[in-house]
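Note that this is a predicted model, so its numbers are computed, not measured. All chains are named by letter (A, B, ...) in the order of the sequence lines, taking the proteins before the strands, and each is independently numbered beginning at 1.
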Protein chains: 2
Amino acid sequence: MKFEAVTIKHIAMELGLSTSTVSRALRDSHEISQATKKIVLDHAQKVGFKPNRIAQSLKERKSLSIGVIVCEIANSFFSQVINGIDSVAYEHGYNVIIAQSMESAERELMNLEYLTSSSIDGLIISVSTETKNFSYLKKLHERGLPIVFVDRVIDDIETHKVIADNYRGAYKATKHLVERGYKKIAILSNNSGLSISQERLEGYRDALKDANIPLRENMIAYCDHGGMIYSEIESAMKMLLKQRVKPDAVFAGSDKITTGCLRFMKQKNIRTPQDLALIGFSNTDLTELLNPPLSVIKQPAFEMGQASASLLLSLIESKKPQNKFETRIQSTELLIRKST
Amino acid sequence: MKFEAVTIKHIAMELGLSTSTVSRALRDSHEISQATKKIVLDHAQKVGFKPNRIAQSLKERKSLSIGVIVCEIANSFFSQVINGIDSVAYEHGYNVIIAQSMESAERELMNLEYLTSSSIDGLIISVSTETKNFSYLKKLHERGLPIVFVDRVIDDIETHKVIADNYRGAYKATKHLVERGYKKIAILSNNSGLSISQERLEGYRDALKDANIPLRENMIAYCDHGGMIYSEIESAMKMLLKQRVKPDAVFAGSDKITTGCLRFMKQKNIRTPQDLALIGFSNTDLTELLNPPLSVIKQPAFEMGQASASLLLSLIESKKPQNKFETRIQSTELLIRKST
DNA sequence: GTATTTACCGGGAACGATTGCGTAAATAAA
DNA sequence: TTTATTTACGCAATCGTTCCCGGTAAATAC
C-alpha cells in the first residue's frame with residue numbers, strides 16, 4: 001500500500017508546461033513570467049503538491065536530516081538534550097533521526113553504519129560507556145562527515161564539542177559536602193573510560209585536596225554501565241559500605257547512578273542524610289519531590305542540545321572544510337536540598 | 001563540506017563492469033557468476049561501499065523510515081513508547097524520525113506537513129491536547145498514508161490504534177481510593193477533548209457509581225494543556241480546594257499532572273495522604289522514591305510502542321489497502337504505595 | 001531595416017540504484 | 001552439425017528534481 005503523491009511531472013502535464021518550467025516557477029526563478037508562476041503556484045496549491053524530499057536529497061546530495069546517537073532517550077538528561085537539538089534543527093528545516101545505543105558499543109556501531117549510509121548530513125553523538133574503539137567514528141570523520149560530540153566526548157577526534165563544566169560541577173558538589181562537615185566522601189563514578197567520568201573525578205579530587213582531606217582510593221567506585229543495570233550500583237555501594245572506614249557521604253556521577261543510589265539506600269533502610277548523605281549529577285525535575293529532596297548538580301541539557309545542533313549545522317553548511325573547532329563548556333548548577 | 005561516498009558507478013568503473021552487473025552482484029542475483037560476485041563483493045568491502053539509501057528510496061518509492069509525533073520526548077511515558085517503537089523499527093531496518101508537538105496544534109500540523117513530504121512510509125501519532133481539527137490527518141490517511149494512533153486516538157479515522165486500558169485503570173484507581181475509605185474523590189483530568197481523558201473519566205464515574213458515591217461535578221477539574229504549564233495545575237487545584245466540600249483524595253489523569261499535583265501539595269504544605277490522598281497515571285520509575293511514595297497507575301508504555309510499530313509495519317508492508325483494523329487495549333497496572 | 005538584447009520556456013542530462021530486455025558466448029539437446 | 005537452451009553480462013529507462021544549454025519570439029538599439 002502506498003501513498004501516491006503528486007509530482008512536478010503531473011503538474012507539468014496538466015498545465016501543458018515542461019517540468020523545468022514548473023520547477024522554476026515553484027522556486028520563483030526570474031526566468032519565469034509572473035503569469036505562468038501564478039498559474040503553476042495556484043495549481044500546485046490546489047492539488048496539494050509537496051516536493052519530494054527524497055528526490056531533492058538525491059539531486060542536492062544532502063538529506064536535510066541529522067543523526068543523533070545517545071545511550072537512551074528515556075533519560076532526562078538526554079531527552080532534554082534532544083529537545084534542544086530538535087528545536088534548532090527544526091528551525092533550519094532539518095529532520096532529526098534518533099538512535100539509542102543503550103550503552104552498547106555494538107548497537108552504537110550498528111546505528112552508526114545505519115545512519116551514515118548516505119542518509120544523514122551530520123551527526124551528534126554522545127558515546128556509549130562501552131565504546132573503546134573509535135576507529136569507525138574516526139574514519140567517518142576523516143571522510144568528511146560533520147560530527148559534534150555532546151557530553152561524552154572523544155579527545156582523539158578534532159571537531160566541535162559541547163560539554164557541561166563537569167570539573168567545576170564535581171568540585172562544587174564535593175566542596176559543598178566538605179562544607180557540610182562530611183569527611184569521608186565516596187564517589188560513585190560512571191565508567192572510567194568516559195570523558196565525563198574523568199573530569200568529574202578530577203573535580204572531586206581537587207576539591208578534597210583543597211580541603212586538605214586525604215583521598216582514599218577505596219572511596220572510589222565505578223559503575224561500568226553508567227547505572228544502566230541496577231545490580232552494578234548495588235554491588236558498588238556494598239563495596240563502599242563494607243570498607244573499614246565507611247563513607248558518610250556519596251557523590252554520584254550520573255543521573256541514573258544518583259537515583260539508583262537513592263533506591264539502594266531506601267532498600268537497605270539507610271537514612272539520608274543522617275546515615276549517608278547523597279549528592280549527584282541529575283537532570284530530572286522530580287529531584288525536589290524525592291524523599292529526601294535531593295541535592296544535585298544540574299546540567300544545562302537543553303542549551304547543550306541547542307549548542308551542539310547549531311555547531312553541527314554550521315559545519316554542514318560551511319562550504320570549506322573546517323579546521324578550527326571549539327569546545328563549548330557550559331556551566332552547571334548546584335541545587336542544595338535535604339539530602340546533604 | 002560534504003561527505004564523498006563511493007557509489008556503484010565507481011566500483012563498476014574500477015572493475016571494468018557495468019553498473020547493472022555490480023548492482024546485481026551486490027544483491028546476490030543468480031544472473032551473475034560466482035567469480036564476478038566475489039570480485040565485486042571483495043572490492044566493495046575494500047572501498048567501504050554502502051548503498052545510498054536516498055537513491056534506493058527514490059527508486060523503491062519508500063524511505064524505510066517512519067515518523068513519530070508525540071507531545072514531548074522528555075516525558076517518561078512517551079520516551080518509553082518511543083523506546084518500544086525504536087526497538088521494533090530497528091529490527092526491521094526502519095529509521096525513526098521523531099517530532100514533538102509540545103501540545104501545540106500548530107506545531108503538530110507543521111510536523112505533519114514536514115514528515116509527510118514524501119519522506120516517511122508511515123506515521124505513529126499521539127495527538128496533542130490542542131488538536132481539534134483532524135482534517136489534515138484525515139486527508140493524509142485517505143491518500144493512503146499508513147497511520148497508527150497510540151495512546152491518544154481519534155475515533156473519526158479508521159486505522160489501527162493502541163491504547164492502554166484507561167477505563168479499567170481509572171476504575172481500579174478510584175475503587176482503590178474508595179476502599180481506603182476516601183469519600184470525596186476529586187479528579188484532575190487532562191484536556192476534555194482527548195480520548196484518554198474521556199475514558200479515564202468514565203472509569204472514575206463508574207467506580208463511584210458502583211460504590212454508591214454520588215458524583216459531584218465540582219470535583220472534576222481539567223488541565224487543558226495536560227499539565228504542560230504548571231500554573232494550570234495550580235489553579236485547578238486551588239479551585240478544587242476552595243469548594244465548600246473539600247476533596248479528601250485526588251486522582252490525577254496524566255504523568256505531568258500527577259507529579260505537578262504533588263509539587264503543588266508540597267508547596268502548600270498539604271500532607272499526603274493525611275490531608276489529601278493522591279493517585280495518578282504515571283510512568284516515571286521514580287515514583288517509589290518520591291515523598292511520599294506515590295500510588296500510581298502505570299501503563300505498559302514500552303509494549304504499547306512495540307505494538308504500534310509492528311501494526312504500522314504490517315500496514316506499510318501489506319500489498320493491498322487494509323480495511324480491517326484493530327484497537328489493541330493493553331492493561332494497566334495499579335501500584336499501591338504510601339500516597340493513598 | 002538589420003543587429004542585438006531580453007524575456008520565457010523546453011529538452012535533456014544529471015543524482016545513485018534497480019531492473020526489464022536484449023544478446024553474445026557457452027553449453028546442451030537434437 | 002544444427003538448433004535450443006542456459007549463462008552472464010550490458011543497455012537504457014526509471015524514480016522526482018534541478019539546472020545547464022539551448023531556442024524562439026518580441027522588444028529594443030543602431
When you check the phosphate oxygens OP1 and OP2 of [N], does a side-chain N or O of [X] lie under 4.0 Å from one of them?
| X | N | value |
| --- | --- | --- |
| A:T19 | C:dG10 | no |
| B:S23 | C:dT18 | yes |
| B:S57 | D:dC15 | no |
| A:K9 | D:dC15 | yes |
| B:S18 | D:dG10 | yes |
| B:R61 | D:dG16 | yes |
| B:T7 | C:dG16 | no |
| A:S20 | D:dT18 | no |
| A:Q56 | D:dT18 | yes |
| A:R27 | D:dC19 | yes |

(message) Tell me whether the side-chain N or O atoms of A:R53 pair up with the base of D:dG16 as donor and acceptor below 3.5 Å, since no angle test is needed here.
(response)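 For A:R53, whose side chain was compared with the base of D:dG16, there is no donor-acceptor pair (under 3.5 Å).
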(message) What's A:L58 touching, base or sugar-phosphate or nothing? Going by heavy atoms closer than 4.0 Å.
(response)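 Base contact.
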(request) Please figure out whether A:A55 or B:V22 has its closest DNA chain D nucleotide nearer the 5' end. (result)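 Upstream on the strand: B:V22.
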(message) Heavy-atom nearest nucleotide on DNA chain D for B:L17 versus A:I8: which residue maps closer to 5'?
(response) B:L17
Rounded to the nearest Å, what distance is computed from the [atom1] atom of residue [X] to the [atom2] atom of nucleotide [N]?
| X | N | atom1 | atom2 | value |
| --- | --- | --- | --- | --- |
| A:H10 | D:dG16 | NE2 | P | 7 Å |
| A:E31 | D:dC19 | CD | C1' | 9 Å |
| B:I39 | D:dA8 | CD1 | P | 13 Å |
| B:K62 | D:dG16 | NZ | P | 15 Å |
| A:R24 | C:dC9 | CZ | P | 10 Å |
| A:I11 | D:dT17 | CD1 | C1' | 12 Å |
| A:L15 | C:dC8 | CG | C1' | 15 Å |
| B:L26 | C:dG16 | CG | P | 15 Å |

(request) Provide the closest heavy-atom pair for A:F325 versus A:L315 in the form atom of the first, atom of the second, distance. (result)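 What the structure gives for the nearest pair is CE2-CD2, 3.9 Å.
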(message) By nearest heavy atom, map B:F49 and A:H30 onto DNA chain C; which one lands nearer the 5' end?
(response)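 Nearest nucleotide further toward 5': that of A:H30.
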Determine, for [X] against [Y], whether the closest basic-nitrogen to carboxylate-oxygen distance falls under 4.0 angstrom.
| X | Y | answer |
| --- | --- | --- |
| B:R328 | B:E326 | yes |
| B:R152 | B:E103 | yes |
| A:K46 | A:D42 | no |

(request) Taking the side chain as every heavy atom from C-beta outward, state whether B:L123 and B:I66 have any atom pair closer than 4.5 Å. (result)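 Side-chain contact under 4.5 Å: no.
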(request) Identify which nucleotide among D:dG22, C:dC21, C:dG16 has an atom closest to any side-chain atom of B:N52, counting heavy atoms from C-beta outward. (result) C:dG16
(request) Just compare D:dT14, C:dG11, D:dG16 and give me whichever is closest to any side-chain atom of B:K59. (result) D:dT14
(message) Using the rule given for side-chain contact (heavy atoms from CB on, under 4.5 Å), can you reason through A:D28 versus A:K37, listing the C-alpha separation, both sets of side-chain angles and the distance that settles it, and then say yes or no?
(response) CA-CA 7 Å; A:D28 201 27; A:K37 272 183 196 169; 3.0 Å; yes
